[in-house]
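Here's the structure, in C-alpha cells; my notes come after.
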Amino acid sequence: MKTPPESFLIFREELIKARVEKERLQKEYESKLAEMNSELGRLKEQISSQQELIKTTLEYAIRLEENLDNFKTEVANAPTLKKKSFH
C-alpha cells in the first residue's frame with residue numbers, strides 16, 4: 001500500500017488540532033455561559049428584593065401621609081376641645 005503524501009498527513013494533523021481546539025473553546029464557552037447565567041440569577045434576586053423593599057417603603061410612606069392628614073384634621077378641630085375646662 002502506498003503511503004499518503006506528506007501534505008495529506010500535515011492536513012490531517014492540523015484538522016485534529018482544530019477539532020481539539022474547537023472542543024476546548026466550546027467547553028470554555030459553556031463554562032462562561034453557565035457562570036453568566038448564575039450571575040444573572042443573583043442579579044434577578046437582588047432586583048426582586050430591591051423592588052419589594054421599595055414597595056414596602058412606599059406603602060409605609062402612604063400610611064404615614066394618611067396618619068399625618070388625620071392628625072392635621074384632629075389639630076384643626078382641637079380649638080373646640082380647648083374651650084372645655086378641666087377645673
Side-chain angles (χ1 to χ4, degrees):
M1 175 160 210
K2 188 175 175 184
T3 60
E6 188 176 334
S7 61
F8 174 76
L9 296 175
I10 293 172
F11 176 75
R12 188 169 59 174
E13 188 177 319
E14 291 298 319
L15 190 60
I16 291 170
K17 286 180 185 177
R19 195 173 293 139
V20 169
E21 179 66 11
K22 179 184 172 188
E23 290 172 3
R24 184 190 69 77
L25 288 173
Q26 185 173 1
K27 286 178 184 175
E28 184 179 334
Y29 168 79
E30 289 172 355
S31 171
K32 285 186 178 185
L33 187 61
E35 185 180 320
M36 289 177 72
N37 282 336
S38 174
E39 182 68 21
L40 184 60
R42 283 192 295 271
L43 290 174
K44 283 181 180 180
E45 260 183 56
Q46 287 179 351
I47 289 171
S48 176
S49 296
Q50 289 174 353
Q51 285 176 333
E52 189 62 34
L53 180 63
I54 289 170
K55 179 182 172 185
T56 305
T57 303
L58 285 174
E59 289 172 356
Y60 181 69
I62 289 169
R63 264 188 311 189
L64 285 178
E65 190 174 5
E66 290 171 354
N67 290 343
L68 182 60
D69 289 342
N70 291 338
F71 182 70
K72 284 180 181 178
T73 304
E74 288 178 23
V75 168
N77 294 333
T80 58
L81 298 175
K82 287 183 181 178
K83 293 179 182 176
K84 296 180 182 175
S85 176
F86 291 110
H87 298 297

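We number each residue from 1, following the sequence as shown.
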If you measure from [atom1] on [X] to [atom2] on [Y], what distance do you get to the nearest 0.5 Å?
X     : Y     : atom1 : atom2 : value
Ser49 : Gln46 : OG    : CD    : 7.5 Å
Glu14 : Leu9  : CD    : CG    : 12.0 Å
Ile47 : Glu52 : CD1   : CD    : 14.5 Å

Residues that Leu33 engages under side-chain contact (heavy atoms from CB on, under 4.5 Å), provided they are two or more places apart:
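By the side-chain contact (heavy atoms from CB on, under 4.5 Å) rule, Leu33 matches Tyr29, Asn37.
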Charged N to carboxylate O below 4.0 Å: is that the case for Arg42 and Glu39?
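Salt bridge present between Arg42 and Glu39.
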Using a strict threshold of under 4.0 Å (side-chain N to carboxylate O), is an ion pair present between Glu30 and Lys27?
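Answer for the salt bridge query: no.
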For Asn77 and Thr73, what are the C-alpha separation, side-chain angles and deciding distance, and is it a side-chain contact (heavy atoms from CB on, under 4.5 Å)?
CA-CA 6 Å; Asn77 294 333; Thr73 304; 3.9 Å; yes
Could you list all the salt bridge (Lys or Arg N to Asp or Glu O under 4.0 Å) pairs where at least one residue sits in residues 60-70, not counting sequence neighbours?
none
Of Arg19, Glu23, Arg24, which is the lone residue that meets side-chain contact (heavy atoms from CB on, under 4.5 Å) with Glu21?
Arg24
For Leu53, does its backbone N or O pair with a side-chain atom of Thr57 as donor and acceptor, under 3.5 Å?
yes
I'd like to know whether CD of Glu6 has more than 12 heavy-atom contacts from other residues, nucleotides or ligands below 6.0 angstrom.
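No, because the 6.0 Å sphere around CD of Glu6 holds 12 heavy atoms or fewer from other groups.
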